[in-house]
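Written out below as structure tokens is the structure these notes cover.
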Amino acid sequence: MYQYIIAALALAVNVYAASSELQIIPGATLTANNYGRHMQAHGGGIIKVDDTFYLVGEDKTNGTFFHNINCFSSKNLVEWNYEGAILSQTGKDELGPNRIVERPKVIYNKSTKKYVLYLHIDGMFYNEAKVGIATSDTVCGKYEFHRSFRPFDHESRDMGLYQEDDGTAYLMSEDRPTGAHIYKLSDDYLDVTDTVYTWKKAVESPAMFKRNGNYYIFGSDLTGWTTNDNFYSTAPNLAGPWSEWKKFVPNGSKTYNSQTSFILPISNDLVIYMGDRWHEKNLMRSTYVWLPLEFSGTNDLDVFMRFHDHWIIDVEKGTWRKGQDEEQYSGQDANLSNGARVLGCANCKDQRSVGYIGGSSSGEALFSKVKANGAGKRMMRIFSPNGDFTERFAGVSINGQEPIRVAFLPTNDADTPDVAGVIVDFKDGDNTIKIQGTGEGWGPDVDRVMVPMFT
Ligand SMILES: *[C@@H]1O[C@H](CO)[C@@H](O)[C@H](O)[C@H]1NC(C)=O
Ligand SMILES: *[C@@H]1O[C@H](CO)[C@@H](O)[C@H](O)[C@H]1NC(C)=O
Ligand SMILES: *[C@@H]1O[C@H](CO)[C@@H](O)[C@H](O)[C@H]1NC(C)=O
Ligand SMILES: *[C@@H]1O[C@H](CO)[C@@H](O)[C@H](O)[C@H]1NC(C)=O
């Protein structure tokens, strides 16, 4: 009887651990399932349908100009599945070659039963400055493009959407000659009907949410692809009065080298800043900086954002906490075979990494005795330098299981590691982790592997 209860408890603990200990790694390469590459969903927004989050963002595989708006789904905001491209380049016109189609945001209209996608539509020199609208019957279906226009003849570049609980929806839009506006949308969301508020300050990539009856708007200065200290303002009503703009990050932090894209409120305790860390010279390697916001002061109107290398999110409970302590395993201490060998790497741990993984000789690095204090899934961080212009790929397997495909974005140079995340299912005690190629040229060089310990 006792044994039975203990077994049941252990099982419950494991299930709890598996579903609630996954971490977000700001700025990491994020390989989406059935996509096999770094998730291409830049400048994106989230829409929740039932218990699933859909991230709709820009595919920058080939750089600035429009190719696809992609849709990815997740139930926990950590593990992502590719759902498909919802809008793709056509032969000509608005969505043709050399066009700018950015900042996709989706809202749902209950009455018309349509998903409505708003976009920034522009020419190759950003000289048209329009907003575009497309609709679909399903959240990640193929969207039909309707039209693009300038709201009340105002320029409209970076934009965001905000939907009220009662269904009324608003467009926030940057207008260089004037500043920034909040426009009310028509009932079917296919047009603007009123200007609700105008700032004399240009606010790029505006993102808004409501918490305890107060509105918070976030945005960025205009500094091109380079980052700045982003800021926010609050108001009891959309028409104002809006507070002075204030930074929500330390002075000079440049928002931890990111730009606001979307704010996702899950609960009062879990409001997530979603920013883009753009890499102008190779936009496909831009990453996602997602961090929890902290509220304080009178009516919680003061917002601050700290950086976390990794942090644990629990979407079901609506809570977050700091990442667990990690055990560190250096590549140079792994058992290397089939030509894999230790290399110099100036900015790696001990100035060493392991190279020649994959390739024609199928080099491998095997880490044995990787400790886990309890069984369950958790996200490891793998540090890897990649001096190429394109991604590299590895198969990462634990305890002899099928390898999981992991992408590694280019880093600044072959001497500077960056981080990629991979979720593996640990058993209690000692585990064996193998990093190998995938048959597509060289795999990543491996600086070190960081394994979170359950707390
Ligand atoms: C990128 O460009 C290549 C070569 O032109 C093309 O085959 C591919 O479909 C493009 N992919 C995306 C996602 O833009
Ligand atoms: C959707 O569109 C209908 C019809 O135009 C409108 O009455 C309604 O308010 C809109 N919003 C929602 C959330 O249903
Ligand atoms: C913030 O940084 C800027 C430039 O880095 C500096 O000019 C300014 O004085 C700083 N402000 C505060 C409050 O530290
Ligand atoms: C390397 O292999 C040996 C023998 O199998 C083993 O004892 C050792 O723990 C391994 N080291 C690593 C880092 O995997």
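Indexing begins at 1, ligand by ligand and atom by atom, following the structure's order. One is the number of the first residue; the rest follow in order along the sequence. Keep in mind that the numbers below use all heavy atoms, side chains included, and drop hydrogens, waters and symmetry copies. This structure is a prediction, so every number in the text was calculated from the model and none was measured.
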Nearest 0.5 angstrom please: Trp199 CH2 to His181 NE2, how far?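 NE2 of His181 is found 10.5 Å from CH2 of Trp199.
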Nearest non-hydrogen partners of Val49 and Tyr54, listed with the distance: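 So the two residues come closest at CB-CE1, 3.8 Å.
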Protein heavy atoms: any of them under 4.0 Å from atom 2 (O) of ligand 1?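 So far as the 4.0 Å threshold goes, atom 2 (O) of ligand 1 is in reach of a protein heavy atom.
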Any protein heavy atom at under 4.0 Å, with atom 5 (O) of ligand 1 as the reference point?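 There is no protein heavy atom less than 4.0 Å from atom 5 (O) of ligand 1.
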Picking from Phe218, Tyr256, Phe248, what satisfies ring-ring contact (aromatic ring centres under 6.0 Å, His included) with Tyr273?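 Among Phe218, Tyr256, Phe248, the one that satisfies the ring-ring contact (aromatic ring centres under 6.0 Å, His included) with Tyr273 is Phe248.
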Checking Asn62 now: which residues fulfil side-chain contact (heavy atoms from CB on, under 4.5 Å) with it, not counting sequence neighbours?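 With neighbours one apart ignored, the set is His67.
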Before signing off on this row, confirm whether His67 and ligand 1 have an N or O atom pair separated by under 3.5 Å.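 For ligand 1, there is an N or O atom that lies under 3.5 Å from one belonging to His67.
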Going by the ring pair (Phe, Tyr, Trp, His ring centres under 6.0 Å) test, which pairs reach into residues 335-362, not counting sequence neighbours?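 Found Tyr356-Trp442.
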Which atoms of ligand 1 are found less than 4.0 Å from any heavy atom of Thr61?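 The list of qualifying atoms is 13 (C).
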Which of the numbered atoms in ligand 1 are under 4.0 angstrom from any heavy atom belonging to Asn68?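 Near Asn68, meaning under 4.0 Å from one of its heavy atoms, ligand 1 has 13 (C).
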Minimum-distance protein heavy atom relative to atom 11 (N) of ligand 1: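 Sorting protein heavy atoms by distance from atom 11 (N) of ligand 1 puts Asn62 ND2, 3.2 Å first.
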Specify the protein heavy atom at minimum distance from atom 13 (C) of ligand 1: its residue, its atom name, and the distance to 0.1 Å.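 Protein heavy atom with the smallest distance to atom 13 (C) of ligand 1: Asp59 OD2, 3.2 Å.
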Under 30°, 30 to 60°, or over 60°: which ring-plane class applies to Tyr82 and Phe72, parallel, tilted or perpendicular?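 Correct class here is tilted.
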